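First comes the structure, then the notes that go with it.
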Number of protein chains: 2
Amino acid sequence: MTIADQNLVKKMNRRRLLQEVIHHSPISRASLSKTTGLNKSTVSAQIQGLVDEKFIFEIGQGQSSGGRRPVMLMFNKQAGYAIGVDIGVDDLTVLLTDLDGSIVSEHYFELEQSSVNETMALLLKTIEQVIRTMPGSPYGLIGIGICVPGLVNRSEQIVLTPNTHWNGVDVKKQVEEAFNVPVTIENEANAGAYGEHIYGAAKAFDDFMYVSISTGIGVGLVLNNELYRGVHGFSGEMGHMTIDFNGPKCNCGNRGCWELYASEKAFRQSLPADWDEKELNKRFQQNDVVLFRSLENFGHHLGIGLVNIANTFDPEAIILRNPLIESNPFVLNAVKNTLSSRMNVRFETECAFLPSTLGKNAPALGACSMMIESFIKGITA
Amino acid sequence: MTIADQNLVKKMNRRRLLQEVIHHSPISRASLSKTTGLNKSTVSAQIQGLVDEKFIFEIGQGQSSGGRRPVMLMFNKQAGYAIGVDIGVDDLTVLLTDLDGSIVSEHYFELEQSSVNETMALLLKTIEQVIRTMPGSPYGLIGIGICVPGLVNRSEQIVLTPNTHWNGVDVKKQVEEAFNVPVTIENEANAGAYGEHIYGAAKAFDDFMYVSISTGIGVGLVLNNELYRGVHGFSGEMGHMTIDFNGPKCNCGNRGCWELYASEKAFRQSLPADWDEKELNKRFQQNDVVLFRSLENFGHHLGIGLVNIANTFDPEAIILRNPLIESNPFVLNAVKNTLSSRMNVRFETECAFLPSTLGKNAPALGACSMMIESFIKGITA
DNA sequence: TTAAGTTAGTTTATCCGCACAACAAACATT
DNA sequence: AATGTTTGTTGTGCGGATAAACTAACTTAA
């Protein structure tokens with residue numbers, strides 16, 4: 001708990017005003033005074049400072065409402081830029097966004113059997129290039145957010161990546177030293193949750209879960225408008241929640257883990273072995289019965305775990321991140337069938353189950369928004 | 001987000017100082033200045049106000065450390081009193097505590113087949129009596145916290161009590177009107193969690209779960225030092241978490257719910273039907289093999305769900321509230337065996353599994369501490 | 001026993017940020 | 001052209017915190 005003095009007061013009001021401008025620009029000083037409750041003179045003084053520091057600029061006069069025309073203020077979303085990186089199991093995403101989270105440039109790579117060192121080199125090279133082509137701005141690159149498919153501890157060290165070999169690689173240090181800007185390492189599910197929270201399907205929600213379904217299942221928890229990371233940073237490992245205690249052994253040590261039944265990997269293993277990606281697409285188009293039975297089964301097992309999540313957290317929504325779900329409403333319907341048969345009625349109407357709207361970009365965008373948020377916080381520190 | 005002015009500054013510092021005195025009394029003004037970072041003159045001024053309002057008093061001079069002897073300040077824990085009520089399925093607890101949570105008087109009743117109306121009458125009568133015998137104090141009764149074995153929504157209305165008939169009974173209104181003090185209605189698991197947090201096994205933890213095991217299983221979540229209630233107030237319904245998706249139907253609508261395997265009810269159903277309470281105690285004393293196999297099984301199934309909780313939240317600790325567990329380390333050992341075979345190693349050493357220390361009183365004490373906390377907050381509003 | 005040093009708490013002066021009110025600027029209405 | 005409204009600025013005062021000087025009370029050691 002920090003102690004309070006006039007300086008704190010000023011910082012709090014400054015932050016409040018900046019937030020108001022960010023989320024409601026264009027807006028006038030008079031409107032700011034009304035919405036915040038701060039006196040007009042206070043607003044004017046604070047805004048002056050933010051204008052001097054290039055975070056806000058005057059865009060010109062607005063519409064009169066019967067008197068002097070207001071001077072409209074805009075958040076200068078080009079005051080700086082953020083880079084968001086998603087290191088996937090077999091792909092790499094690098095996004096550059098402005099302070100509004102709008103994508104300025106994007107780079108995608110397939111990582112077929114790349115070593116960690118190769119990927120790292122590719123990453124550093126790409127970031128370097130992105131920085132070179134970045135538009136000029138008062139604050140330049142404000143930070144790099146990087147997410148990885150594994151467990152990240154509270155010191156932002158990668159401690160477990162089941163499907164890759166990033167364990168123990170000090171990505172934070174390497175990238176920080178290369179570019180000399182703030183760097184954050186984050187779990188992929190947490191970053192995705194944050195992305196959907198700020199820019200995507202969960203904008204309206206204060207309390208929701210983001211379920212990332214790929215090789216495994218990871219869950220990002222947003223509670224009271226904040227990411228909940230757990231004591232060591234390992235929360236949301238619900239892929240290893242037992243849903244069948246006599247089920248098969250998982251390599252995590254547990255039995256009958258959810259992701260053994262409801263991950264995309266599990267779904268693919270449920271298909272005939274001789275189906276390749278092409279065959280799969282063909283049957284998709286043809287509404288093939290065998291395929292759709294597998295999809296339904298996938299949705300069913302997903303639903304079982306989602307009921308557990310809903311019972312645990314009582315959230316406003318659960319966001320599902322998976323290409324199959326985003327592209328085809330059939331799976332989500334199968335999920336919802338299981339939900340309606342298994343979930344207590346009181347929840348069913350109250351908790352929304354939605355596909356991700358940012359899709360593949362969710363984690364990298366989330367990583368960007370984390371950097372932006374900490375930059376904005378830093379402005380008022 | 002509220003705006004900031006000098007008044008906020010004063011309130012924040014006042015609250016901070018009062019908290020410091022509450023948790024570290026006896027303490028001098030000089031120490032307060034050091035620990036809070038506030039100027040000596042600020043501390044003196046604020047303390048004067050709190051002394052005037054009877055929340056703090058001077059207890060006399062302390063030990064000199066080489067200079068003038070300090071005047072020691074004490075929190076006046078007898079400035080008021082709180083009542084905590086635990087309405088159980090078949091019992092009723094009414095506690096009176098001072099502002100420190102120390103029990104001043106306690107009343108326990110068995111409710112054998114009492115109707116809701118009868119219980120309500122008993123409750124009101126008991127509270128009346130407690131108030132009559134309460135010591136004199138500047139602020140008197142500061143509030144009544146009541147917890148019930150069921151779901152309580154955000155408007156503090158009881159919406160579901162599986163094993164009793166309190167649904168829809170407006171306990172809050174009735175008790176408020178009878179005694180004209182603040183009243184809170186809370187879920188039993190939440191109240192218990194709060195109790196253990198403030199006074200019991202979880203004092204040292206900011207992030208933990210409290211698992212209440214009786215007829216069903218309820219979980220209270222404390223995250224970042226605060227109760228997490230969920231959007232509608234229904235979080236922690238982990239008794240209805242599926243741990244065996246092909247398992248038997250539960251009356252909640254789901255299948256293979258945890259509490260079908262690991263509640264005390266489930267444990268008792270696993271015993272031979274002709275064993276009564278006396279027989280049970282006898283066999284307990286004799287270390288009866290059949291009984292202990294059942295206990296082991298009970299612990300095993302508990303462990304399965306606890307692993308799920310640990311994977312979900314990554315907490316500092318999980319507190320188990322059940323008489324069998326508190327009285328006999330055997331069950332907890334059985335739990336831990338399952339944990340060590342099923343939980344990822346990284347967690348095992350990091351998450352503590354502890355029996356409740358407040359036992360039966362945990363929920364009522366938690367209810368008290370909620371009222372005390374809101375009273376203290378109100379002091380600085 | 002006395003002088004010097006240390007710690008506790010109060011008093012006084014000063015600073016800082018906000019609110020308030022008066023004012024100036026720029027517009028709409030009639 | 002006169003009146004009223006809205007926007008934004010300027011000067012004044014208030015409240016609360018800090019800092020420094022001061023008083024008070026004690027320890028230590030010559």
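Everything numeric here is computed off the predicted structure, so don't read it as measured data. Any value given below was found using the heavy atoms of this structure, including those in side chains, with hydrogens, waters and symmetry copies removed. Proteins come first, then strands; the chains are lettered A, B, ... in the order of their sequence lines, and each starts at number 1.
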Distance, rounded to the nearest Å, where [X] contributes [atom1] and [N] contributes [atom2]:
{"X": "A/Asp5", "N": "D/dA17", "atom1": "CG", "atom2": "C1'", "value": "7 Å"}
{"X": "A/Gln48", "N": "C/dG17", "atom1": "CD", "atom2": "C1'", "value": "16 Å"}
{"X": "B/Met12", "N": "D/dG15", "atom1": "CE", "atom2": "C1'", "value": "17 Å"}
{"X": "A/Leu17", "N": "C/dC18", "atom1": "CG", "atom2": "P", "value": "9 Å"}
{"X": "B/Ile47", "N": "C/dA8", "atom1": "CD1", "atom2": "P", "value": "15 Å"}
{"X": "B/Lys10", "N": "D/dC14", "atom1": "NZ", "atom2": "P", "value": "16 Å"}
{"X": "A/Arg29", "N": "D/dT9", "atom1": "CZ", "atom2": "C1'", "value": "10 Å"}
{"X": "B/Lys11", "N": "D/dA17", "atom1": "NZ", "atom2": "C1'", "value": "17 Å"}

Should [X] be listed as having a side-chain N or O under 4.0 Å from OP1 or OP2 of [N]?
{"X": "B/Lys34", "N": "C/dA8", "result": "yes"}
{"X": "A/Asn13", "N": "C/dG17", "result": "no"}
{"X": "A/Ser44", "N": "D/dG8", "result": "no"}
{"X": "B/Ser41", "N": "C/dT10", "result": "no"}
{"X": "B/Gln46", "N": "D/dA17", "result": "yes"}

Review point. If you take all heavy atoms of A/Gly80 and A/Ser137, which pair is closest and at what distance?
Key: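 Looks like CA-OG, 3.9 Å.
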Point to revise | Protein-to-nucleotide contact annotation, 5' to 3' order, nucleotides 22-30 of chain D [B base; S sugar-phosphate only; - none; under 4.0 Å, heavy atom] | key: --BBBS---
Check your understanding: D/dG16, D/dG8, C/dA19: which one has an atom nearest the side-chain heavy atoms of A/Thr42?
Key ->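 Comparing D/dG16, D/dG8, C/dA19 against the side chain of A/Thr42, the answer is C/dA19.
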Check your understanding: Regarding A/Tyr194 and A/Glu373, is there a side-chain donor-to-acceptor distance under 3.5 Å anywhere?
Key ->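 A/Glu373 and A/Tyr194 do have a side-chain donor-acceptor pair below 3.5 Å.
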**Study point:** Between A/Asn190 and A/Glu186, a side-chain donor and acceptor under 3.5 Å
**Key:**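 A pair is found: one side chain offers a donor N or O, the other an acceptor, under 3.5 Å apart.
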**Study point:** Nearest-nucleotide 5' precedence on DNA chain C, B/Val71 against A/Val9
**Key:**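 Looking at the nearest nucleotide for each, B/Val71 comes out on the 5' side.
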Practice item. State the OG-CD1 distance between B/Ser28 and B/Ile59, to the nearest 0.5 angstrom. Key: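 Here the rounded value is 13.0 Å.
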Review point. Can the ring centroids of B/Phe55 and B/Tyr139 be said to lie less than 6.0 angstrom from one another?
Key: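 That pair passes the under 6.0 Å test.
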Check your understanding: Is the gap between the ring centers of B/Tyr228 and B/Phe313 under 6.0 Å?
Key ->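 Judged by ring-centre distance (under 6.0 Å), B/Tyr228 and B/Phe313 do not meet the cut-off.
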**Study point:** Over 12 foreign heavy atoms within 6.0 Å of CD, B/Glu226
**Key:**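 For B/Glu226, atom CD is not crowded (no more than 12 foreign heavy atoms under 6.0 Å).
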Point to revise | Base D/dA17 to side chain B/Asn39, donor-acceptor N/O within 3.5 Å cut-off | key: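 No, the side chain and the base share no sub-3.5 Å donor-acceptor pair.
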